[in-house]
**Q** 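There's a structure below that I have some questions on.
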Amino acid sequence: MMRTRRDFIKICSLGLGATVLTGGAVQWVAGASAPKTDLKNFRGVRRVPTYCEVCFWKCAGWSYVTENGQIQKIIGNADDPQCNGRLCPRGTGGVGMFTDPDRLKTPLIRITKNGEQTYRTATWDEALDYIATKMKAIAEKHGPESMALFNHGSSGKYFTHLLNAFGSNNVAAPSFAQCRGPRDTGFELTFGESVSSPEVTDIRDTRCLVLIGSHIGENMHNGQVQEMSEAIDRGAVIITVDPRLSTAASKSKYWLPIKPSTDLALLLAWIHVLIYDELYNKEYVDKYAEGFNELKEHVKNYTPEWAYGITTLKPELVRQTAREMANAAPSAIIHPGRHTSWYGDDVQRSRAIAILNALLGTWGNRGGIFFKEGIKIPDFPHPAYPKPAWSWQDTLKGRYPFAKEAVTNTIIEASIPAEGNEHVIKGWIVSGTNLIVSIPLKEQLMKAMQSLDLLVVVDTMPMEITGYADVVLPECTYLERHDDLRATAHREPTIALRMPAVEPMYETKPAWWISKQIGERLGLGAYYNYKDFKEVLDWQLKQAGTSLSEMEKIGLKKFERKTPVYILPGSDYKFKTASGKIQLYSHELEAAGFDPMPKLTLHPQPEEGFYRLIYGRAPMHTFSRTANNRNLVALMPENSVWINPQVAELWGLKKDQYVFLKNQAGVVSNFSVKVRITERIRWDSVYIVHGFGHHHKPLTYAFGRGVNDTELISDVKIDPIMGGTGMRGNFVTFIKDAAKKEAKS
Ligand SMILES: Nc1nc2c(c(=O)[nH]1)N[C@H]1C(S)=C(S)[C@@H](COP(=O)(O)OP(=O)(O)OC[C@H]3O[C@@H](n4cnc5c(=O)[nH]c(N)nc54)[C@H](O)[C@@H]3O)O[C@H]1N2
Ligand SMILES: Nc1nc2c(c(=O)[nH]1)N[C@H]1C(S)=C(S)[C@@H](COP(=O)(O)OP(=O)(O)OC[C@H]3O[C@@H](n4cnc5c(=O)[nH]c(N)nc54)[C@H](O)[C@@H]3O)O[C@H]1N2
Ligand code: SF4
Ligand SMILES: [Mo]
């Protein structure tokens, strides 16, 4: 094997598992065994405020802790409108992150021993000194801009502060280019702002909810799921467009089992029907939108009959569902979705969704899209950040002109030295993101990681990415630390506090502390002018009219709204676009050389014997971050591949048999996956849940269970408007005989 600069190291081989938590915490499984007694009144049991970090809905809750420091359970905070006192199975099972015996326990530094690369355990001082020395060397040689951060979750904020103070703003997250970027861009171009997180969709009061690939119910974002089930109880019409009978589709009045990749044809046909059957909201469009005549002309020929040959959806069904939306309007929502990087023309699909919302008059109306309001929390005072000589915008090199956030792929690309590459990145901090399973362009990622002078990974678990680090820093879990305030902007402004239920286990530390330590070693102490994070929180809370001691008791505080939730009748609302009007026709896109109104792009379809690989979520897991969580593994230990019965028969596949998947480029899955034969998926596609198929042995539970969709995504279509990586243009076939798998490399 060729020696690489950075061999992949398996942390398990190091015998680091000194302390293993035993007995200890009660294993809660999805609240199924939650005690009937109210622990609040138990003597010796404290409840401590937190908000959940198992996904980024951030439900506020309480950790219940015994006198001897065991976390007995986590329950939702009844005052929190994001969860209404009820956590999802993952939030309830979050204790499993804390009790996981595979957790990272001490800092690790990469060394070469007898010619082999390995890790040695290190003290915090050694690890932090090492990082600071390397960062200084990078800054001296290349400038501070050559440091980049990849992040997801709470820890990102502290390392962003560190890099900004150091002189870099190269901060990227897969949650943009691999997730919501296309949707946010499409909505900003149309309405002047995005739908944020948590989304400002007024599902609670809607009369018609249209889900285009959004699989709410499997996508377990708590408040949305609760509101959708309330809406169903109230008799709202749900229309779900999905090649798979998702949980949401099974609860819908209409399921439109679309041929995957053709959604834009359906959207254009819906727009056609609303306009040509005069079902759209004329008053709203006249008052608030620009470009209607151009749009009308543009969609003239996009009839449901035209779309039929593309989507396989019957024209009458398209007309009927358009009428349902119009009947409910403006109390209707065409849901913008969240993970929207699908086919590489995703901004245009999101634009079409935004335009449909505009035609129905949903933005600013009850049961449509409401106006959010939140409490602004000021930063703890610090000197101004230095101005970087260059920034992530320069890594775009003129591409993706509407990217409002850094694009992961261009930061990765800028880390590979190449001819004419002026802006080179030499060091990465990676915190709370397992790039190996969240970034589809694997070869580029590997090349980049081999080219770096410094790769620091901050994580709680020995995920795949840790095996590439020069230094691994163990963060304590969310149950063991203070964190930044959750200041949600939504229907009601709220602030939620997270504080430690228990002391950090092992040698783990919170990210705020790690950032401060590195910062001080870099001579940036002025940016960290506090002893500990409680001081920051108390100062910030006082600015908002409360205090740390009050928040420690209540966990969550609601504030009065000062602005209207919807457009007031008779008022003259201005949208946040340049002209103050909704852009049905986008001059901005046109000026940058893109289609001003969405056009259909036809995408390649699978060759014979291949099936489109589509993927999504399962209610009891969050990506790969829960794959080793014992509480959740107990609910769903592995993923399976959904296959239509016709296809199963053709291939002679039996229920529960294990197969390998091979994609159009010959890439074979690392592991095999269980077959699930079901009418709930179209014959031209197969479906798997993302987040499984881990190949890192230290993840003793997750290792080898199921398959990883990312390794089969070798064809990526990049959205030219904002750089999103479309990941649904890959096709797989089955390898039934495990021996044949050897053909792989
Ligand atoms: N193939 C494929 N790729 C995808 C997707 C897909 O469905 N399929 N989904 C895309 C989407 S929608 C998104 S948002 C991205 C998400 O991709 P990532 O940003 O990678 O998301 P997470 O799974 O949240 O990050 C997991 C990492 O955070 C670590 N972690 C957990 N808690 C903590 C903590 O408290 N502190 C620290 N420091 N680390 C912690 C976990 O151990 C793990 O290493 O992936 C995208 N990529
Ligand atoms: N339980 C749980 N909930 C989560 C997460 C989690 O990890 N676990 N992650 C959260 C995050 S970060 C995100 S971004 C969201 C993502 O959740 P969503 O934004 O709701 O969904 P997607 O992942 O985009 O889409 C998944 C659905 O799209 C369907 N689909 C596939 N191809 C097509 C197509 O061509 N057309 C149409 N119409 N449908 C298609 C799939 O069958 C599947 O039902 O979920 C969030 N909620
Ligand atoms: S939706 Fe579930 S996992 Fe996400 S924050 Fe809320 S309780 Fe936690
Ligand atoms: Mo996401």
Side-chain angles (χ1 to χ4, degrees), residues 53-57 88-90 97 104 150-156 159 173-180 183 197 211-222 224-225 240-249 256-263 266 335-343 349 408 430-440 457-466 473-478 481 483 510-511 514 603 612-628 642 681-682 685 687 689-691 699 708-713 725 727-728:
E53 180 90 6
V54 187
C55 86
F56 300 104
W57 198 256
C88 84
R90 299 166 298 154
M97 275 174 145
L104 294 171
F150 293 92
N151 74 105
H152 201 192
S154 303
S155 63
F159 296 114
S175 53
F176 181 70
Q178 280 68 45
C179 176
R180 60 180 165 71
R183 153 194 108 170
S197 172
L211 300 174
I212 299 165
S214 306
H215 55 337
I216 297 176
E218 288 156 287
N219 157 358
M220 216 43 183
H221 278 168
N222 199 338
Q224 285 200 113
V225 182
T240 298
V241 184
D242 198 309
R244 183 180 66 98
L245 184 81
S246 59
T247 305
L256 278 56
I258 196 167
K259 180 169 172 179
S261 81
T262 66
D263 296 77
L266 168 67
H335 199 288
R338 181 136 176 169
H339 169 63
T340 44
S341 37
W342 296 0
Y343 298 105
R349 187 185 64 253
T408 40
V430 178
S431 186
T433 173
N434 188 10
L435 297 179
I436 311 298
V437 289
S438 50
I439 299 285
V457 173
V458 186
D459 208 300
T460 52
M461 291 292 297
M463 303 305 276
E464 280 77 5
I465 185 71
T466 55
L473 301 178
E475 189 177 9
C476 52
T477 66
Y478 70 106
R481 65 190 195 222
D483 250 316
I514 302 172
H603 299 289
R612 186 181 296 276
L613 176 68
I614 59 179
Y615 55 81
R617 316 281 172 234
M620 52 299 262
H621 281 283
T622 305
F623 317 112
S624 60
R625 61 170 47 223
T626 54
N628 206 64
W642 295 35
I681 180 99
R682 282 175 61 106
S685 306
Y687 175 79
V689 169
H690 170 66
L699 299 166
N708 171 3
D709 53 337
T710 310
E711 64 192 19
L712 297 165
I713 299 176
T725 50
M727 300 191 275
R728 292 206 171 133

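Both counts, for ligands and for their atoms, begin at 1 and track the order of listing.
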**Q** What is the distance from atom SG of Cys55 to atom CG of Asn219, rounded to the nearest 0.5 Å?
**A** 8.0 Å
**Q** If you measure every N or O of Asn434 against every N or O of ligand 1, does any of those distances drop under 3.5 Å?
**A** yes
**Q** Distance alone, cut at 3.5 Å: any donor-acceptor contact between the side chains of Arg180 and Ser197?
**A** no
**Q** Do His335 side-chain atoms and Gly337 backbone N/O form a donor-acceptor pair below 3.5 Å?
**A** yes
**Q** At less than 4.0 angstrom from any non-hydrogen atom of Ile713, what atoms of ligand 1 do you find?
**A** 1 (N)
**Q** Determine, stepwise, if the pair His215 / Thr247 fulfils side-chain contact (heavy atoms from CB on, under 4.5 Å).
**A** CA-CA 7 Å; His215 55 337; Thr247 305; over 6 Å; no
**Q** Please answer whether the main-chain N or O of Val54 pairs with a side-chain N or O of Thr622 as donor and acceptor at a distance below 3.5 Å.
**A** yes
**Q** Check contact between Thr477 and ligand 1, using heavy atoms of the residue and a distance below 4.0 angstrom.
**A** no
**Q** Got Arg617 and His339 here, is their nearest side-chain heavy-atom distance under 4.5 Å?
**A** yes
**Q** Please tabulate, for side-chain N and O atoms in residues 432-439, each donor-acceptor pair with protein atoms closer than 3.5 Å (sequence neighbours left out).
**A**
unit_1: Asn434; atom_1: OD1; unit_2: Ile465; atom_2: N; d: 3.1
unit_1: Asn434; atom_1: ND2; unit_2: Glu464; atom_2: OE1; d: 3.1
unit_1: Ser438; atom_1: OG; unit_2: Asn434; atom_2: O; d: 3.2

**Q** Counting only N and O atoms by type, is there a donor-acceptor contact under 3.5 Å from the side chain of Thr240 to the main-chain atoms of Leu256?
**A** no
**Q** Does the side chain of Glu475 come under 3.5 Å of the side chain of Thr460 through a donor N or O and an acceptor N or O?
**A** no
**Q** Show which atoms of ligand 1 fall inside a sub-4.0 Å distance from at least one heavy-atom site of Thr710.
**A** 1 (N), 2 (C), 3 (N)
**Q** Which ligand 1 atoms are under 4.0 Å away from a heavy-atom of Ser431?
**A** 38 (N)
**Q** At a 4.0 Å threshold, what atoms of ligand 1 neighbour a non-hydrogen atom of Met461?
**A** 42 (O)
**Q** Below 4.0 angstrom from a heavy atom of Arg481, which ligand 1 atoms are there? Numbered from 1 as shown, please.
**A** 34 (C), 35 (O), 36 (N)
**Q** Provide the number and element of each atom of ligand 1 under 4.0 Å from a heavy atom of Glu475.
**A** 34 (C), 36 (N), 37 (C), 38 (N)
**Q** Looking at ligand 1, does Pro440 have a heavy atom less than 4.0 Å from it?
**A** no
**Q** Quick check: Val458 and ligand 1, any N/O pair under 3.5 Å apart?
**A** yes
**Q** For a distance cut-off of 3.5 Å, show me each N or O of ligand 2 paired with any protein N or O, plus the separation.
**A**
unit_1: ligand 2; atom_1: 1 (N); unit_2: Glu218; atom_2: O; d: 3.0
unit_1: ligand 2; atom_1: 1 (N); unit_2: Ala618; atom_2: O; d: 2.8
unit_1: ligand 2; atom_1: 1 (N); unit_2: His621; atom_2: O; d: 3.2
unit_1: ligand 2; atom_1: 3 (N); unit_2: Met220; atom_2: N; d: 2.9
unit_1: ligand 2; atom_1: 7 (O); unit_2: Phe623; atom_2: N; d: 3.0
unit_1: ligand 2; atom_1: 8 (N); unit_2: Arg90; atom_2: NH1; d: 3.3
unit_1: ligand 2; atom_1: 8 (N); unit_2: His621; atom_2: O; d: 2.6
unit_1: ligand 2; atom_1: 9 (N); unit_2: Arg617; atom_2: NE; d: 3.3
unit_1: ligand 2; atom_1: 17 (O); unit_2: Asn219; atom_2: ND2; d: 3.4
unit_1: ligand 2; atom_1: 19 (O); unit_2: Arg338; atom_2: N; d: 3.1
unit_1: ligand 2; atom_1: 19 (O); unit_2: His339; atom_2: N; d: 3.0
unit_1: ligand 2; atom_1: 20 (O); unit_2: His215; atom_2: N; d: 3.0
unit_1: ligand 2; atom_1: 20 (O); unit_2: His215; atom_2: ND1; d: 3.1
unit_1: ligand 2; atom_1: 20 (O); unit_2: Asn219; atom_2: ND2; d: 3.0
unit_1: ligand 2; atom_1: 21 (O); unit_2: His215; atom_2: ND1; d: 3.2
unit_1: ligand 2; atom_1: 24 (O); unit_2: His339; atom_2: O; d: 2.5
unit_1: ligand 2; atom_1: 24 (O); unit_2: Trp342; atom_2: NE1; d: 3.3
unit_1: ligand 2; atom_1: 25 (O); unit_2: Gly213; atom_2: O; d: 3.1
unit_1: ligand 2; atom_1: 25 (O); unit_2: Arg728; atom_2: NH2; d: 3.3
unit_1: ligand 2; atom_1: 28 (O); unit_2: Gly213; atom_2: O; d: 3.1
unit_1: ligand 2; atom_1: 35 (O); unit_2: Ser261; atom_2: N; d: 2.9
unit_1: ligand 2; atom_1: 35 (O); unit_2: Asp263; atom_2: OD1; d: 3.4
unit_1: ligand 2; atom_1: 35 (O); unit_2: Tyr343; atom_2: OH; d: 2.6
unit_1: ligand 2; atom_1: 36 (N); unit_2: Asp263; atom_2: OD1; d: 2.8
unit_1: ligand 2; atom_1: 36 (N); unit_2: Asp263; atom_2: OD2; d: 3.4
unit_1: ligand 2; atom_1: 38 (N); unit_2: Val241; atom_2: O; d: 3.1
unit_1: ligand 2; atom_1: 38 (N); unit_2: Asp263; atom_2: OD2; d: 2.7
unit_1: ligand 2; atom_1: 42 (O); unit_2: Asp242; atom_2: OD1; d: 2.7
unit_1: ligand 2; atom_1: 42 (O); unit_2: Arg244; atom_2: NE; d: 3.3
unit_1: ligand 2; atom_1: 44 (O); unit_2: Asp242; atom_2: OD2; d: 2.6
unit_1: ligand 2; atom_1: 44 (O); unit_2: Arg244; atom_2: NE; d: 3.4
unit_1: ligand 2; atom_1: 44 (O); unit_2: Arg244; atom_2: NH2; d: 2.8
unit_1: ligand 2; atom_1: 47 (N); unit_2: Asn219; atom_2: OD1; d: 2.9

**Q** Out of all atoms in ligand 1, which are within 4.0 Å of some heavy atom of Val437? Include the element for each.
**A** 3 (N)
**Q** Begin from the C-alpha positions of Glu53 and Arg90 and carry the test salt bridge (charged side-chain N to carboxylate O under 4.0 Å, His left out) through to its verdict.
**A** CA-CA 10 Å; Glu53 180 90 6; Arg90 299 166 298 154; over 6 Å; no
**Q** Answer yes or no: is there a side-chain heavy-atom contact under 4.5 Å between Pro260 and Tyr343?
**A** yes
